[in-house]
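When a residue number appears, it is its place in the shown sequence, counting from 1.
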Amino acid sequence: MFVAGLDVPPNTTNQPPTTPATPQSPSTTKTTDAFHGLTARLREALTSQRKVAIWQPEKSKSFHVILVDKEVRFPPRKLVPTDDPQYTSSHSPLSPLTPSSPLHPDGLIAPIWIRKHTTLVPSVLLWRDRMMDREREREAEERRRDTDLSAEIANRKKSTNDRNIKLTVVLLASRKMLDDPALDARLTFIRRHSGLDSRAALFVLSPVSQAELGEFVKSLSQALYDPAVEYYTAHSKRVRRKRNKHSTTVSSYPNPSIGNIARPLRPEGWTVRYEYKMACFAEFRGEDEVALKHYQDAYDMLVIMFGSPAILPPRTKRWAEAKVLADTINIKITKLYLYNNEHALALSHHSTHIRKFGDFSRGWGIGEETFEFWSWVARQNRLFAELLEQGTRTTLKIPVHKPQISTPSTSASQALTPNTQRIVGIDIDPRMHGLNPSHSLQHPGFYYYAAARCTEMRRQKFRVALEAEESGNPISLSPGFTNEKKVTHDTIILELYTKAYELFKKYNPGDPSSNGQGRLTLWIAYRIAQTYCDSGQYEMAIRQVSVPIRLLGDVELSIRLLFELMGHDVLEDDDSEGLQQDLIAVLQSTVPKSPSEPFAIDSTETKPLFDTNAIFWSSSINVGEETAFQVSLTAPSSVSVYAIPFISVSICFEDGPPVIIRHSADKKQSGGSVQWVNAGGVSSRDPTEIEANLQWNLGDILVVSGRVKSEKPREIKISRLVATVAANAWTIKIPLEPCGGRQGKPAIGKWLSSLNPARFTNVTRENYSTTIVKHRSHNICVAIEHLAPAYLDENYPITIQVTNIDNQDLDVVLDVLLQPTDIDGATNKIAIDHEESSSLIKGIACGAIKPGVAVVKTMHLLSQGGVGDRILDISVQTKALEASSPADRAPSQEENDITEKLQTITVPTVDPFQLTQGVAYQYNTQEWTILTDLASYEDGYEDYRRGTEATVTTDIRIIGPWSLHLEHVEFEEESFGAKLLNTSLISEDDNLFPWR
């Protein structure tokens, strides 16, 4: 469902201020418009009724809602308009029969087709508008508004009718309007004049409570559910008719491609295409059984196509697309089986798909000896595991495969069976005592583990192919081999093993003696450590087994690893203070190798101890202006650092002195978990020192605010943060990135706008951790004057006036660009200051202009060849002229202190004249020269009595808006045998061609 008209006007109270808000002055103003609140609540109620999810077995009468603009346009059904005579014989832009389609000529289905029916074309369009209150004194205005609303709805109704989309209108009205006796008449007027349906097409909503609004949305969805189902049913019927049409064509010939001529899609391909479409439409209707049947038919036909190389030649583009489609249909069938709790059928289809296409892969030359095969098998197992994991989060229950204890009745019946054997101490049927795991659905961790093992085989086969290539005997020449070189196999294996490990701990808890970990869980933990060792990440392997750091012997390494473990939130026996206690014990009991030199911890390849964020309020400032900045340090949330003796934190600016925060136990936090300190204006010469409490509890935040400025253009940014720890004889420097954390650089900045209560404002712009200092823009006024339109072949003048309204002398340069035109046969030229060009004139010097002085340049435009608009881009560039000599100015400063102002003008060009000509013929009635007349045989003799007289009338009209003066009109004899007998162009009258 598309919902239009639910755009709530922006709430100005929630927008960030133009200047940074101080933490002591939070905004408290709220919007009081009831309709704005109703619109926001209605939007929330509609969008929250159904969320897009992989696992959705529930069949409620609800919609997936997408908010759109009122002017939303739907993709065209066909490439030609509906009034075109070829509309009925044309095809969809995504049809294989359309030459411009990505599927032309033999493609099956495109992924964009799914996107088209899920996000681009709705089944229902819900239109929200406002119904104005009735005013008795202004009934004419009321009727005009209702008429405009009806016309707008009717226009939207026309576009929805083209696609058979249900259009429903919801009008918001006040409670007073609901009691108005004229409401029914107004609604009837709107319905009739807009062409709305009589059923579920027009609703009226007034500001109501949240419970009543929920009931309204529920009843609205139920009323529109049947039209939506009918919409997809009509689609299915249309597709079924096409499928039946193609199914009558029997394909019993190979139909090979000839040369480079691509063959059209075969009937088998059309069947797959139509069955897949009908399955999707059935899913949209909630008919899972019908969808399953169509998916199965499409899958079976795909298997037939893959079985014949003549239909789908291996290693081609269409073959790869069909292979992906088969995997997609397989996971669809599996999911629909699981919806119906048919676990055995789901697992059987998954296993059959791997086995069947595994056999195909051997025939295609990508069997078990290739990395492509194991990559594909791993992907199938991972998809199946992710599907099961999504299902188990909601409704899917994994069956428990345990032998069932027989009841007395079953024991008696078994006693009568001669072939039944009994096991001492176990009262069960021995035929049920064992289960084959491959025939029983397991929890998702099992299939993650299978995917990891297949990925290990993929890595092994890839290494074999890589060694063969390095030895000069390549065994794999496929394009996928180049892409495989970019794959980090160890990362994929670790990810799969980690997911399997967590799920095995959840579904297979071991005995308490092994800390709740079963044999397979411990085995997977070993495989994780082994993978770390194979990839050379020995530190990570050591962390997996939790070796006590204090036993390593190297004190500096112990300190480094302790800080590293704190950054990774590694706990010792769920004790948040264990690591800091170990660190303090090491510092108190040891001395550094060089007490006079601080010990620096390199944390470039590890996670930082603090989450840091450096923000500048303004993205750019002028020279000499101040901008506010904030730097925040957030302590770990699970590992305590409160007792670590931090003595200072330094904020180091690039090309500037630092801001040093000294520890003071007297400074108390006034904002709960957030401590805010103000550094004031940061000096550009000397370090700035302030005091703060550098003891963080779990998750505490220290925010340092200040202001900074620059007297020259440059980029201001914070290069690094340095936290200093001092204890006993140790001085430890911990460098930190200005913007960093355990999850990488924050995508958005958090600006502290209120301290009590603590409130942060999101800063979403890019490069929020830097600010650019630039020269102030020069203040000039550019006026362009011309009298449009221009005539063809006219030397059209355009006046450009630049006025200096700044307080300094400016050097002005002009650039003029004549945009290319698509008018046939048009040639254009521009000229200014003795320079002429058909495209660009650059660097037109206007000289130095003092404040308050203007300079004027006249440019001429010559347009020839055809009428139409000519577009010119005019760039005015100004540069400040310093009082000092050029030798004293820095080159970079002179280059950057340039302001450019762009203006674009459009010059319409028209014909100056309109010529209308008429010709009247009159035959000569005089007798022709006789053959015996010897003069007729002389050279140059012409007998005009044998010709025809023509009277040519030429009407010249000036159709342009400007006056013209015609100076001369001439008759040119271009035809042999024509003679001008008389003309009105020869006259002594000076007013023959008057001015207009």
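- The minimum heavy-atom distance between Thr395 and Trp55, with the atom names listed, is OG1-NE1, 2.9 Å.
- What you find for Leu183 and Leu178 is that their closest heavy atoms are CD2-CA, 3.9 Å.
- The salt bridge (Lys or Arg N to Asp or Glu O under 4.0 Å) check on Arg77 picks up nothing, with sequence neighbours excluded.
- Other residues, nucleotides and ligands place more than 12 heavy atoms under 6.0 Å from the CZ atom of Arg144.
- The list of side-chain hydrogen bond (donor to acceptor under 3.5 Å, both in side chains) pairs with a residue in residues 279-290, not counting sequence neighbours, reads Lys59-Asp288, Ser236-Arg285, Glu283-Tyr295, Glu283-Lys332, Arg285-Glu287.
- Within the 6.0 Å centre-distance limit, the rings of Phe610 and Trp696 are counted as a close aromatic pair.
- Between Gln296 and Leu292 the shortest side-chain heavy-atom distance falls below 4.5 Å.
- For His443, the ring-ring contact (aromatic ring centres under 6.0 Å, His included) partners are Phe504, Tyr507, not counting sequence neighbours.
- Between Thr98 and Pro93, the closest side-chain pair of non-hydrogen atoms is not below 4.5 Å.
- Atom CD of Glu44 has 12 or fewer heavy atoms from other residues, nucleotides or ligands within 6.0 Å.
- The backbone N or O of Asn330 sits less than 3.5 Å from a side-chain atom of Thr334, completing a donor-acceptor pair.
- Residue-environment remark: NZ (Lys218) stays at or below the threshold of 12 foreign heavy atoms within 6.0 Å.
- Between the side chains of Thr771 and Thr627, not a single donor N or O lies within less than 3.5 Å of an accepting N or O.
- A cation-pi arrangement, defined by a distance under 6.0 Å to the six-membered ring centre and an angle within 45 degrees of its axis, is absent between Arg240 and Phe281.
- Not counting sequence neighbours, the partners of Lys499 by the side chain to side chain contact (heavy atoms under 4.5 Å, CB included) test are Arg382, Glu386, Tyr448, Glu495.
- Gln56 has its side chain within reach of Arg50: a pair of non-hydrogen atoms, C-beta onward, lies under 4.5 Å apart.
- Here Phe74 pairs with nothing under the ring-ring contact (aromatic ring centres under 6.0 Å, His included) rule; sequence neighbours left out.
- By the ring-ring contact (aromatic ring centres under 6.0 Å, His included) test, Tyr225 pairs with no residue at all, sequence neighbours left out.
- Taking 4.5 Å as the limit, some side-chain heavy atom of Val121 sits within range of a side-chain heavy atom of Pro75.
- Between Lys293 and Asp297, at least one side-chain N (NZ, or NE/NH1/NH2) sits under 4.0 Å from a carboxylate O, which counts as a salt bridge.
- Across all their heavy atoms, Ile190 and Ile153 have their closest contact at CG2-CD1, 4.1 Å.
- Scanning both residues, Arg238 and His235, for their nearest heavy atoms gives NH2-ND1, 2.8 Å.
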